[in-house]
Each structure stands twice: as structure tokens, then as C-alpha cells.
Protein chains: 2
Amino acid sequence: MTATTEGELLPQPAAAEIELVKVLHALGDPVRLQLFQVYAAGGEYDCSSERLGVMHLHKSTVSHHMKVMREAGITSTRAAGRVRYVQLRRADLDARFPGLVAALLAARE
Amino acid sequence: MTATTEGELLPQPAAAEIELVKVLHALGDPVRLQLFQVYAAGGEYDCSSERLGVMHLHKSTVSHHMKVMREAGITSTRAAGRVRYVQLRRADLDARFPGLVAALLAARE
DNA sequence: CAAATGGTTTGACATCCATCAAACAATCCA
DNA sequence: TGGATTGTTTGATGGATGTCAAACCATTTG
């Protein structure tokens, strides 16, 4: 297996089971909103706090926030070796809440 | 004074000072999301829990939620006599976060 | 004035939550 | 194999939060 997109998908809610109130609750935190805006640029991200802009936080705290976002259905996580690759579930979010992600990104302050 | 739109405006953040993360935090609660959806239908609402669909909550709890929403900049409240008239700050929210309210309403589950 | 009305404030309480630290687990590398 | 890398998990802790109840306040009404 030499593919660059290997790895096991961590448990996450099905697209149809993503709940708006849980998404809003997850994004109603400054750290997670920051992560969301980084992820929204597209592509996959490991947990390095420099790239994510959360250098001031302990790694366990970052891990906690990523778990919250994954369980809310905002992100999907692929475990490949030691690394976790996280990305926004853009298509699922757009299908379930049309225009929401776009509006949140347009709202950058 | 016989006008139907009398009353003193309760303190609220200026339109430009409405923060996305605070709006999302406020809406990330099932009760407040419910209130938001009621308000979004348009018009003014007093605090009667029947019209708001929160009959199961104590009046002080409803009052608390309305304060949170007002301080987040989601609603504005006008005090006329004994009654508080609450409405969505639709224009301010649309100006600050274009498409957000529409997307949240379209997402009704 | 007294009572009713509509809502706020304060206090109490239980729960949730963000954070850190330390231990743990899995993987990669020398 | 042993150490380094990349996170996760668990426990502790302080602070925020949702809820109710009771007291309070302003307004209206009898």
C-alpha cells in the first residue's frame, strides 16, 4: 500500500445525523472556530499546533477540541500511522446545511 | 403616548461589535436555537412561553436565555410598561454576517 | 391603596467544559 | 531493541452554565 490517502476513519456521525445545535455549540468556542477556519481553507491537517494557530494550548487540549468537532460532524479524521489527518466535512455540511459554511467563512472578522 | 412602538431599548452591543463566536455560542443551546427560530418568523414577541414554545421552562430561565441572546447581539428588546418586546436583529445580523441567518433557517431539521 | 401582571434578579445547585499534566499507546527510526 | 514522534486518555481543577425557586420591581387594574 503506497497510496497517500491510507488510514482508518475514526468514528463520526453519518451526514444525515449531523445536528445543527451541536455544530453551533462546537463552533461557539474561539479555539474551535479558529480550527474550523483553518480547515476550511481545504486539505488535510495533522495536529501540529503551529499550522493550526493554537501554539498556546497543550496537545491534550487540542486533541479534545478535535474530538468535539469530529463528534459534532464538522470534521473527519483519518488515522495513518502515528499521524491523524483531519479535514472539514465540507460536502456533508453543505448538503445538510446549505450556505452555512460559506456564511461562516464570509463572516471572518 | 398612543404609539404602538413605544418603550425604552435595553442595552445591546452595537451592530459592528457583534462577535461571531458569541452568536454561535448563544445559538449552540437548544432552547435559544428554538427562540431564534421563533423570532426569525418576524415581528415582536413578549416573554409568554406558550408563543415561544418553551412552556416547560421557568420564567426566570426564559429571562436568562433572552438576556444571553440580547447580549450576544442576536435580539433587541424594547421595554414598554410591564412587557418586554423582543425581536431578531435581522438587519444587523445580515449586515455583519451575510447569509448566516438565512442559512440557519434553511437548516431547519 | 391593594392585588394582579409581566418580567428581572439573586441565590443555590448540579452539570458541563476548557485546560493542563502525567501516563499511556502506537508507530517510526536509528 | 530502544528512543523519538504523534497523538489519546484519564484525572484534577477552576470556571462557566442551565435550571428552579423565591424575592423583588414596575406597571396596570379593581
Side-chain angles (χ1 to χ4, degrees), chain A residues 1-2 4 6-12 21-36 39 44-72 75-87, chain B residues 1-2 4 6-12 19 21-36 39 44-72 74-87:
Chain A
M1 278 83 82
T2 53
T4 58
E6 276 304 308
E8 201 175 344
L9 201 62
L10 268 57
Q12 62 179 37
V21 70
K22 289 188 182 176
V23 170
L24 297 176
H25 179 263
L27 295 179
D29 172 273
V31 172
R32 290 190 295 259
L33 186 56
Q34 156 78 20
L35 295 178
F36 167 79
Y39 295 149
E44 291 186 315
Y45 296 80
D46 60 30
C47 303
S48 86
S49 47
E50 306 95 60
R51 285 192 68 197
L52 298 174
V54 288
M55 294 82 70
H56 56 301
L57 292 176
H58 196 276
K59 60 179 180 173
S60 62
T61 303
V62 176
S63 181
H64 161 69
H65 284 303
M66 301 211 288
K67 184 178 185 180
V68 170
M69 296 186 76
R70 176 167 42 83
E71 291 180 343
T75 56
S76 86
T77 301
R78 169 173 77 85
R82 293 174 296 192
V83 183
R84 266 69 175 155
Y85 292 101
V86 180
Q87 62 180 342
Chain B
M1 279 82 82
T2 53
T4 58
E6 276 303 309
E8 201 175 344
L9 201 60
L10 268 56
Q12 63 180 36
E19 289 176 46
V21 70
K22 289 188 182 177
V23 170
L24 297 177
H25 180 262
L27 296 179
D29 172 273
V31 173
R32 291 191 294 260
L33 186 57
Q34 156 78 19
L35 295 178
F36 167 80
Y39 296 148
E44 291 186 316
Y45 296 80
D46 62 28
C47 303
S48 87
S49 48
E50 306 94 61
R51 286 191 69 197
L52 298 174
V54 289
M55 294 81 70
H56 57 298
L57 290 176
H58 196 275
K59 60 179 180 173
S60 62
T61 302
V62 176
S63 181
H64 160 69
H65 284 303
M66 300 211 290
K67 183 177 185 182
V68 170
M69 295 185 77
R70 176 167 42 83
E71 292 180 340
I74 296 171
T75 57
S76 86
T77 301
R78 170 173 77 84
R82 293 174 298 193
V83 184
R84 266 68 175 155
Y85 293 100
V86 180
Q87 62 180 343

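Heavy atoms only: backbone and side chains are in, while hydrogens, waters and symmetry mates are out. All chains are named by letter (A, B, ...) in the order of the sequence lines, taking the proteins before the strands, and each is independently numbered beginning at 1.
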For A:V83 and A:R78, run side-chain contact (heavy atoms from CB on, under 4.5 Å): C-alpha distance rounded to whole Å, both residues' side-chain angles, the deciding distance at 0.1 Å, then the answer. CA-CA 8 Å; A:V83 183; A:R78 169 173 77 85; over 6 Å; no

Working note: A:M66 + A:T77, criterion side-chain contact (heavy atoms from CB on, under 4.5 Å); need CA distance, chi angles, decisive distance, verdict. CA-CA 9 Å; A:M66 301 211 288; A:T77 301; 5.8 Å; no

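Partner of A:F36 under the side-chain contact (heavy atoms from CB on, under 4.5 Å) criterion, chosen from A:V23, A:L27, A:V31: A:L27.
Judged as a ring pair (Phe, Tyr, Trp, His ring centres under 6.0 Å), not a single pair has a partner in residues 46-72 of chain B (not counting sequence neighbours).
Remark: B:E8 engages no residue in a side chain to side chain contact (heavy atoms under 4.5 Å, CB included) (not counting sequence neighbours). Take B:Y39 and apply the ring-ring contact (aromatic ring centres under 6.0 Å, His included) test, not counting sequence neighbours, and it matches B:Y45. Residues forming a side-chain hydrogen bond (donor to acceptor under 3.5 Å, both in side chains) with A:S48 (at least two apart in sequence, or on another chain): A:D46. Evaluation of the side chain to side chain contact (heavy atoms under 4.5 Å, CB included) rule for A:K67 yields A:R70, A:E71 as partners, not counting sequence neighbours.
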Would you tabulate the pairs of protein nitrogen or oxygen atoms and nucleotide nitrogen or oxygen atoms of nucleotides 13-16 of chain D closer than 3.5 angstrom?
none

Listing time: all N or O pairs from protein to nucleotides 25-30 of chain C that are below 3.5 Å?
residue: C:dT27; atom: O2; partner: A:R82; partner atom: NH1; Å: 3.4

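Here the closest non-hydrogen pair linking A:V21 and B:P30 is CG2-N, 3.6 Å. Pairing each heavy atom of A:K22 with each of A:A72, the nearest pair is O-CB, 3.9 Å. The two residues B:V86 and B:T75 come nearest to each other via the heavy atoms CG1-CB, 3.7 Å.
Taking atom CZ on A:R32 and atom P on C:dC16, their separation rounds to 15 Å, with Å as the unit. We find that CZ of B:R78 is positioned 14 Å from P of C:dT8, with the value rounded to whole Å. If you take OH of A:Y85 and C1' of D:dT6, they are 10 Å apart, rounded to a whole angstrom. Atom CD of A:E8 and atom C1' of D:dT8 are 15 Å apart (whole Å). The CE-P distance, from B:M66 to D:dT19, rounds to 14 Å in whole Å. Protein atom CD of A:E50 is 13 Å distant from nucleotide atom P of D:dT5, rounded to whole Å. The distance from atom CG of A:L52 to atom P of D:dT6 is 13 Å, rounded to the nearest whole Å. In this structure, B:E44 places its CD atom 17 Å from P of C:dG6, rounding to the nearest Å.
Taking every heavy atom of residues 55-65 of chain A and every atom of DNA chain D, pairs under 4.0 Å involve A:K59, A:S60, A:S63, by number.
Put simply, CD on A:E50 and CG on A:L52 are 8.5 Å apart, with the number rounded to the nearest 0.5 Å.
Two end axes, each from the C1' atoms of five base pairs, can be drawn for the helix from C:dC1-D:dG30 to C:dA30-D:dT1; they diverge by 10°, to 10 degrees.
The shortest side-chain heavy-atom distance between A:V54 and A:Q34 falls under the 4.5 Å cut-off.
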